[in-house]
Protein chains: 4
Amino acid sequence: MDFKNNQSIYLQITHYFHQGILKEEWKANDKIPSVRALAVDFEVNPNTVMRSYTKLQEQGVIYNKRGLGNFISEGAKQVVAKQMREDFLQSDLPEFFQTMSVLGIEVKDLEVYYSQWKGEKEV
Amino acid sequence: MDFKNNQSIYLQITHYFHQGILKEEWKANDKIPSVRALAVDFEVNPNTVMRSYTKLQEQGVIYNKRGLGNFISEGAKQVVAKQMREDFLQSDLPEFFQTMSVLGIEVKDLEVYYSQWKGEKEV
Amino acid sequence: MDFKNNQSIYLQITHYFHQGILKEEWKANDKIPSVRALAVDFEVNPNTVMRSYTKLQEQGVIYNKRGLGNFISEGAKQVVAKQMREDFLQSDLPEFFQTMSVLGIEVKDLEVYYSQWKGEKEV
Amino acid sequence: MDFKNNQSIYLQITHYFHQGILKEEWKANDKIPSVRALAVDFEVNPNTVMRSYTKLQEQGVIYNKRGLGNFISEGAKQVVAKQMREDFLQSDLPEFFQTMSVLGIEVKDLEVYYSQWKGEKEV
DNA sequence: GTGGTCTAGACCACC
DNA sequence: GTGGTCTAGACCACA
């Protein structure tokens with residue numbers, strides 16, 4: 001795990017779990033790594049991991065069993081998908097279109113870029 | 001002018017000028033507001049405006065005449081457009097496609113959203 | 001048996017016996033379930049049940065016969081009632097009144113809520 | 001400010017502001033002490049204060065102006081009152097009645113206790 | 001072993 | 001000056 005420098009680590013960890021849940025690498029009631037274990041794994045302070053887990057709990061994405069660890073919630077995938085979709089439609093998309101229109105890029109141009117991107121990804 | 005709280009104000013002001021230049025609301029050699037005037041107008045600390053102007057100067061988008069004020073540079077539009085385009089293609093677009101694919105949104109769906117957005121904007 | 005996550009499980013188990021004794025579901029010299037049996041029943045670690053039983057013994061609410069099991073003490077009901085009463089009057093009640101006064105709820109309003117609660121309970 | 005030992009400090013600080021807002025000691029758009037200032041005042045680590053402020057922000061009770069400090073939100077009082085009321089009715093009250101009924105205390109008895117409590121408070 | 005809280009101290013971006 | 005983030009290290013209650 002390597003972190004970008006322009007976003008806080010704890011948010012990147014949160015995002016990491018969001019992605020994992022959407023890709024169904026984590027399923028409902030799976031146990032996620034303990035705070036300490038992940039801290040060692042990601043070479044990060046336990047407090048930082050803790051902060052992510054707290055956020056995920058507040059979002060209802062994971063739940064805690066006392067003394068046992070943290071587990072993926074039942075409706076986690078739906079919750080994450082819904083929130084991500086909202087963020088995308090309400091803030092990312094308008095900003096994106098705004099930039100596009102200012103730069104004179106048309107929607108139809110996107111298809112070309114998209115297939116390029118898809119190609120690179122497979123490599 | 002109302003500012004989002006998740007990005008620094010001076011960057012938002014910088015962005016404001018970028019947009020204005022691309023839309024040709026500001027043209028080469030136009031005088032832009034004095035630091036103090038804009039600070040009052042935007043209800044912001046003069047230091048913050050100053051920081052924007054410094055950044056714009058570094059980018060070669062505006063130039064300063066001592067005692068007279070700040071003015072849009074000759075090649076401003078090209079500079080801004082070029083940099084914005086690069087940022088867009090290199091960082092915004094891939095991230096955008098990534099989110100789209102995770103959410104199961106196709107490129108063809110974008111046309112619908114785009115016309116919606118265009119409609120709202122006119123209102 | 002389902003446990004809240006904001007209080008330790010062993011205290012909830014202790015409380016469970018307190019209630020049972022006050023309601024006279026458990027009477028003096030009744031045998032209570034073995035540690036293992038209750039652990040299975042409650043889907044809980046035996047250590048956790050053990051901790052409850054230890055606490056109940058300290059309180060003089062149950063006693064142990066080696067090799068036979070744990071039994072309700074002679075004066076159990078009085079002990080529990082006395083302690084509960086003290087806790088209620090000294091800590092619960094003042095806090096309760098404090099919240100009430102801040103929220104602008106009057107004592108006379110309580111009667112309404114009380115009958116509501118009684119109704120729900122019977123259902 | 002002296003803290004109880006059975007609840008985490010950051011929650012007690014949060015609660016302190018809740019109370020202050022309900023009592024209208026803090027009103028909308030008032031500036032609250034800086035993280036550092038309060039930390040010194042309460043003889044607590046800045047991180048602990050920070051945690052409270054973060055929670056209050058999430059609750060929509062305070063808002064932040066970059067570099068200027070934290071301020072009471074417009075609808076703060078309503079938000080706090082609503083949440084407190086819900087907590088009280090949904091969890092405190094039933095538990096309270098439950099204990100009362102087990103202890104054989106009647107609603108009418110409360111009036112006596114209430115006037116006692118009121119008396120003590122004035123002293 | 002698990003999470004939860006707190007301190008001390010540091011660094012950064014921002015106003 | 002303001003908040004925000006992170007590290008290091010510690011202690012506690014709990015399962």
Original post:
Between the base of F:dG1 and the side chain of D:R36, is there any donor-acceptor pair under 3.5 Å?
Top reply: no
Original post:
Once Watson-Crick and G-U wobble pairs under 3.5 Å are found, how is DNA chain F written in dot-bracket notation, 5' to 3', with | for any base paired to another strand?
Top reply: ||||||||||||||.
Original post:
If each of A:P46 and A:L68 is mapped to the nucleotide of DNA chain F with the nearest heavy atom, which maps nearer the 5' terminus, i.e. the 5' end?
Top reply: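 Nearest nucleotide further toward 5': that of A:P46.
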Original post:
With respect to C:H18, which candidate in C:K23, C:Q59, C:Q83 satisfies the side chain to side chain donor-acceptor pair (under 3.5 Å) definition?
Top reply: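 Of all the options given, the one that passes is C:Q59.
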Subject >> Straight-line distance of B:N47 CG to B:Y10 OH, nearest 0.5 Å >> reply: 13.5 Å
Original post:
Would one find more than 12 heavy atoms of other residues, nucleotides or ligands at under 6.0 Å from atom CD of C:E95?
Top reply: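 Atom CD in C:E95 is not packed in, count stays at 12 or less.
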Residue-phosphate contact under 4.0 Å: [X] side-chain N/O, [N] OP1/OP2:
X     : N      : result
A:R66 : F:dA15 : yes
B:N47 : E:dC14 : no
D:S8  : E:dT5  : yes

I need the [atom1]-[atom2] distance between [X] and [N], as an integer number of Å.
X     : N      : atom1 : atom2 : result
A:I32 : E:dG1  : CD1   : C1'   : 16 Å
D:K65 : F:dG4  : NZ    : P     : 15 Å
A:E58 : E:dG3  : CD    : C1'   : 15 Å
A:K31 : E:dT2  : NZ    : P     : 6 Å
D:N6  : E:dC6  : CG    : P     : 12 Å
A:N5  : E:dC11 : CG    : P     : 16 Å
D:Q7  : E:dG4  : CD    : P     : 15 Å
D:Q12 : E:dT5  : CD    : P     : 12 Å

Original post:
Side-chain contact, heavy-atom cut-off 4.5 Å: B:S8 with B:F3?
Top reply: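 The answer is no, as the side chains (C-beta and beyond) never meet within the 4.5 Å cut-off.
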Original post:
Side chains of D:E74 and D:Y63: does their closest heavy-atom pair fall under 4.5 Å?
Top reply: no
Between [options], which nucleotide has the shortest distance from any of its atoms to the side chain of [X]?
X     : options               : value
A:R51 : F:dT2, F:dT5, E:dT7   : F:dT5
A:T48 : E:dC15, E:dT2, F:dC6  : F:dC6
C:N45 : E:dC14, F:dA15, F:dG3 : F:dA15

Subject >> Whether A:W26 and A:F17 hold their rings parallel, tilted or perpendicular, with breakpoints at 30° and 60° >> reply: tilted
Original post:
5'-most contact on DNA chain E: B:Y10 or A:N70, nearest heavy atom basis?
Top reply: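 Final value for this comparison: A:N70.
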Original post:
Knowing that exactly one of A:Q57, A:K31, A:K65 qualifies, which makes a side-chain contact (heavy atoms from CB on, under 4.5 Å) with A:N70?
Top reply: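 Option passing the side-chain contact (heavy atoms from CB on, under 4.5 Å) with A:N70: A:Q57.
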